[in-house]
Amino acid sequence: MSELINNSEKRKELLKHMILQLHQGEAPVEVRNRLVDLLRSIPYNEVVEVEQELIMEGLPEEEVLRFCDIHTAVLDGSIDVSAAKSYPPGHPVDTFKKENMELRKCTEKLHAILSDLSQWKTEDIPTNFLKIKGLFNSLSDVDKHYKRKEYLLFPFLEKYGITGPPTVMWGKHDETRLLLKSAHEVLQTGHSITLSEVQTVADLVLIPAIDAIEGMIMKEEEILLPMCLDKLTDENWYQIYTETPEFGFCLYDPQDEWTPTLTESMLKAEQDSTGSKSANYIQGEAIRLSSGSYSLKELEALFVTLPVDITFVDKDDKVKFFSHSPNRVFERNRAILGRDVRLCHPPGSVHIVEQIISDFKSGKENKAAFWISSFKGRFVYIEYTALRGKDNEYLGVIEVTQDITQLRALEGDQRLLSYEKR
C-alpha cells in the first residue's frame, strides 16, 4: 500500500477515482475518510493536474464547478504545500496572501456574530444587521482581488497550458459575487425581519457567502498560488506587479516594494505601462493640459502639498484617485482604489452618498457641502462637486476636505510677511 501512496501516478489515479465517486453521489464523508487515510498529504501540483485531466477527459467544466466545493472540502488540510517556492515581501503573491488575512478577519467577526443568534433579541436585529452589513461591505472588496486573478494571473496560466482550473475558479468567483449580492439585498431588510427569519437568512444567504470566500482562500493558498510560483517567471510576475494598481487592492495597502532583477524586456514593459499607454503622457515629457503642463514629479508633489484633501470618484462610482498629504483629515490607503464609493462609507450614511450621486448624475445638483465642528478638535469642511466635461457629460465627483480651524479663527488683517512657525 505504501508503494501506491508514494507513487505520483497511482496517487493521482486514486484521487481522480475518488473525485469521480463524489460526482456520482457517493457519501462525501466516506470518501473524505478514505482520502485522508490513504493519501494523508497530496502535493498541490497533483490536485491541479487531476482537475485538468478530468476536464480534458470529458468531464464538463460545469460539473467540476458544481462539485468543486465538495472535493475541496475533502482535500482541505490534506494538501501538501511544503515544497512551494518562497517569495519576498511586496511580491504579488505576498499581496494576495496579505489580502486574504484581511478577508479572514472579516469572516471571523461575522462568524462570531452569527454563531450567537440564539442570544439575539428583537431590538438587537437592526444594530446587529448594521454591523453585519458593514463587514459585508468590506468583503465586497474581494472583487478587486478576484479581478486581478482573472485578468492578470489566469492569462499566464493559460499560456502554460493550464486552462481547466482557472475556468473552474473563475466560475466560483462569479458564484461568490452572486452570494454577496444576495447578502447585501437581505441586509437591507434588517429593520423588518423577525428573529425566526434571521436564522433562515443566515443559513441560506449569509453563511454560504462567508463560506464561499473562505473556501476560495483555501483554494488560492493551497493550490493556485503555489502552482503559479512554480509556473510563472519573474518577468511574468513583474508584469502582474506593474499592472496591479490598475485593479486596486483588497482591504490592504502594500507597504513593501518588490524590485526583482530587471531584464531588458521587463524594463520595456515598465516603460510601456507608464508611458505609451497614455496619449497625454510620455515618459520623460510633460503632462500637457489646456492651461499648462507638469512633469509627473511636479504633479505628484503638488497633490501631496495642497492644503486640502482631494478624492476623485469616476462616473461608474469607483474611487480612482486620492491625494496623499501627510496631514490628511480622513485617512485613505490604496485599498480603496477601484472600490465602489458606497462601500467606502459606514452603512448608516450610504443613503446620503447615493442621494448625492443620483442628484449629480441627473443634473439636478452640482454641489453638496458638509461641515463637522468638532472632529478630533478640528473644524472640518467637506465639499462634493460634480465633475462635468465640455458637453456637460457627467464624469464623476470630486470630494475636497479641508481643516479650516485656523481660518475660522482669523481676525483683522495680515499685510506684512510673516512665516508660519512650525
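Given the structure is predicted, the values throughout are model-derived calculations rather than measurements. The first residue of the sequence shown is numbered 1, and numbering continues consecutively from there.
- For the pair R148 and F96, the cation-pi criterion (under 6.0 Å, within 45° of the ring axis) is fulfilled.
- There is no side-chain donor-acceptor pair under 3.5 Å between E150 and H145.
- Residues D124 and T127 have side chains that never bring a donor and an acceptor to within less than 3.5 angstrom of each other.
- If you take CD on E399 and OG1 on T385, they are separated by 10.0 Å, rounding to the nearest 0.5 Å.
- At a threshold of 4.5 Å between non-hydrogen side-chain atoms, the residues Y241 and T95 do not count as touching.
- Nearest heavy-atom pair, R378 versus R328, reported as atom, atom and distance to 0.1 Å: NH2-O, 4.3 Å.
- Under the 6.0 Å cut-off for aromatic ring centres, F321 and F303 qualify, their centroids lying closer than that.
- Without hydrogens or angle criteria, Q255 side chain to D253 main chain gives a donor-acceptor distance under 3.5 Å.
- For the pair E393/K315, no side-chain contact is recorded, criterion being any heavy-atom separation below 4.5 Å from C-beta on.
- In this model, no donor atom of one side chain and acceptor atom of the other lie less than 3.5 Å apart for Q402 and D309.
- Considering only heavy atoms from C-beta on, Y146 comes within 4.5 Å of R177 through its side chain.
- When only modelled atom types and interatomic distance are considered, S325 and S323 share no side-chain donor-acceptor pair under 3.5 Å.
- In this structure, F129 and W120 have perpendicular ring planes: the angle between them is above 60°, well past the 30° mark.
- K98 is not listed as a side-chain neighbour of E102, based on a closest heavy-atom distance of 4.5 Å or more.
- Put simply, the side chain of V397 does not reach to within 4.5 Å of the side chain of L387, judged on heavy atoms.
- For the residue pair N236 / Y160, a side-chain donor-acceptor distance below 3.5 Å is found, with atom types taken as modelled.
- Other residues, nucleotides and ligands contribute only 12 or fewer heavy atoms inside 6.0 Å of the NZ atom of K109.
- In terms of heavy-atom proximity, Y252 sits nearest to E99 at CB-CG, 4.0 Å.
- Checked against a 6.0 Å centroid threshold, the rings of Y381 and F370 do not count as neighbours.
- Here the side chains of K320 and L337 are not in contact, with every heavy-atom distance at 4.5 Å or above.
- A salt bridge is absent between R104 and E214: the closest approach of a Lys/Arg side-chain nitrogen to an acidic carboxylate oxygen does not fall below 4.0 angstrom.
- When side chains are defined from C-beta on, V380 does not count as touching T405, because their heavy atoms never get closer than 4.5 Å.
- Judged by the 6.0 Å and 45° rule, R408 forms a cation-pi pair with F379.
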Test log, rule side chain to side chain contact (heavy atoms under 4.5 Å, CB included), inputs L135 and K105: CA-CA 10 Å; L135 289 166; K105 290 178 184 178; over 6 Å; no
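- Here the shortest heavy-atom pairing between S138 and C106 reads CB-SG, 3.8 Å.
- A donor-acceptor contact shorter than 3.5 Å links the side chain of D141 to the backbone of L251.
- E300 contributes no side-chain N or O that, together with a main-chain N or O of K297, makes up a donor-acceptor pair within less than 3.5 Å.
- In this pair, Y151 and F247 present their aromatic rings parallel. The plane angle is below 30°, not in the 30 to 60° band.
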CA sep, side-chain torsions, deciding dist, call: V201, L187, side chain to side chain contact (heavy atoms under 4.5 Å, CB included): CA-CA 9 Å; V201 165; L187 288 170; 5.9 Å; no
Audit row: Y384, F360, ring pair (Phe, Tyr, Trp, His ring centres under 6.0 Å) steps and yes/no: CA-CA 10 Å; Y384 297 90; F360 283 7; 7.7 Å; no
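- Checked for salt-bridge contact, R342 and E354 meet the test: a charged N lies under 4.0 Å from a carboxylate O.
- Inspection of the E197 and T194 side chains reveals an N or O donor paired with an N or O acceptor under 3.5 Å.
- Using a 4.5 Å heavy-atom cutoff, the side chains of I382 and I372 are in contact.
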